[in-house]
> 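Have a look at this one.
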Amino acid sequence: TEAVENDNLRRARQLLTSQRPGADQEDLRGWEWRYLWRHCQGDAPLKLFVQGRRPYNAIFTNSGNSVLSFTSKGRIGLWNLANHKEEAVLQDDWPASQDVAAHNSSQLCISDDGQWVAACGRDPIDGSLVRIWEVATQKTIAKLTIGKVDISALAISPDKKTLAVYAQFHAVSIWDI
């Protein structure tokens, strides 16, 4: 309760999450846990989520009317802020056999004109890869294999001809799209 009283909601959520039972454990949490959990959720007037998927990243589209989300299972969704619904799925969940959390840096970017989205993940064999989609059609435009590096940031050039990738060892590489 000290973390809640000090408005350190992140720490309070961490403590509460650590008290969740495992798959084979009995749930011994009482009303107190639930009361504190509700208190730790913040005052956001709108929360977008897909059940069973933890968001890793979210960015606004250029119009400001939609949000792109990247979840722990690899799903990339386009959310309409007016009706609070997921309008499109650019990429669905990755196979359960892949440890997505370990193989997904969840980097996401959108082109200046809002027409393209790039996101990175990791293939168990090829290493880091970046996919680029056209938002209107939800079709994949390009798939770039970056190699066995961890990607920290992405940026699509204004003319949409190149992609900048910031990876480990403080290197920025430029890729033709």
Side-chain angles (χ1 to χ4, degrees), residues 9-10 13 17 37-38 40-147 149-168 172-177:
L9 299 183
R10 180 180 177 167
R13 280 192 296 270
T17 299
W37 183 256
R38 275 194 309 273
C40 291
Q41 299 311 300
D43 298 326
L46 174 62
K47 294 178 185 173
L48 306 172
F49 72 95
V50 176
Q51 190 66 33
R53 296 176 184 93
R54 183 176 27 171
Y56 273 2
N57 197 349
I59 59 172
F60 278 97
T61 59
N62 293 15
S63 68
N65 298 326
S66 302
V67 169
L68 285 156
S69 65
F70 201 146
T71 71
S72 59
K73 294 185 179 184
R75 183 185 186 102
I76 299 171
L78 180 66
W79 294 84
N80 181 316
L81 295 177
N83 65 15
H84 308 172
K85 302 248 188 260
E86 190 176 37
E87 310 186 310
V89 176
L90 300 180
Q91 173 175 282
D92 210 345
D93 291 347
W94 289 337
S97 62
Q98 292 184 17
D99 183 0
V100 176
H103 299 296
N104 173 12
S105 69
S106 71
Q107 295 304 315
L108 192 61
C109 74
I110 192 162
S111 63
D112 284 350
D113 62 9
Q115 294 178 359
W116 290 6
V117 170
C120 69
R122 180 167 272 172
D123 180 272
I125 297 167
D126 295 329
S128 293
L129 56 90
V130 175
R131 284 194 178 94
I132 301 172
W133 294 267
E134 184 176 43
V135 175
T137 63
Q138 290 109 48
K139 300 280 187 221
T140 301
I141 294 170
K143 180 181 173 186
L144 307 170
T145 301
I146 308 300
V149 295
D150 293 326
I151 297 173
S152 301
L154 300 171
I156 299 172
S157 66
D159 64 4
K160 297 191 295 193
K161 293 182 180 179
T162 55
L163 176 77
V165 177
Y166 177 72
Q168 69 188 37
V172 176
S173 55
I174 306 298
W175 295 78
D176 290 331
I177 297 177

> Checking side chain to side chain contact (heavy atoms under 4.5 Å, CB included) against Trp79, which of Glu86, Glu87, Lys85 comes through?
Glu86

> With rounding to the nearest 0.5 angstrom, report the SG to CG distance, Cys109 to Asn57.
10.0 Å

> Indicate the atoms forming the closest heavy-atom contact of Ala118 with Leu163, along with that distance.
CB-CD1, 4.2 Å

> Between the main-chain N or O of Ser111 and the side-chain N or O of Asn62, is there a donor-acceptor pair closer than 3.5 Å?
yes

> So which heavy atom on Gly64 is nearest to which on Leu81, and how close?
O-CD1, 3.6 Å

> Using only atom types and a distance under 3.5 Å, with no angle test, would you say the side chain of Ser157 pairs donor to acceptor with the backbone of Thr162?
yes

> Any heavy-atom pair between the side chains of Ile146 and Leu144 that's under 4.5 Å?
yes

> Not counting sequence neighbours, which residues clear salt bridge (charged side-chain N to carboxylate O under 4.0 Å, His left out) with Asp113? List them please.
Lys160

> Mind checking what makes ring-ring contact (aromatic ring centres under 6.0 Å, His included) contact with Trp175, not counting sequence neighbours?
none

> Which value, rounded to the nearest 0.5 Å, describes the distance between Thr140 atom OG1 and Glu134 atom CD?
10.5 Å

> As a test of understanding, state which of Leu68, Thr61, Ile59, Ile132 forms a side chain to side chain contact (heavy atoms under 4.5 Å, CB included) with Val117.
Leu68

> Which heavy atom in Leu154 sits nearest to a heavy atom in Cys120, and how many Å separate them?
CD1-N, 3.9 Å

> Give, for atom OH of Tyr166 and atom CD of Gln107, the distance between the pair rounded to the nearest 0.5 Å.
11.0 Å

> Measure the CD1-CG distance between Ile76 and Leu78 for me, rounded to the nearest 0.5 Å.
11.0 Å

> Within a strict 4.5 Å, meaning less than it, do heavy atoms of the Gln115 and Val135 side chains meet?
no

> If you measure from OG on Ser63 to CD1 on Ile110, what distance do you get to the nearest 0.5 Å?
8.0 Å

> Atom CZ of Arg75 and atom CZ of Phe70: how far apart are they, to the nearest 0.5 Å?
12.5 Å

> Sequence neighbours excluded, which residues qualify as salt bridge (charged side-chain N to carboxylate O under 4.0 Å, His left out) partners of Lys143?
none

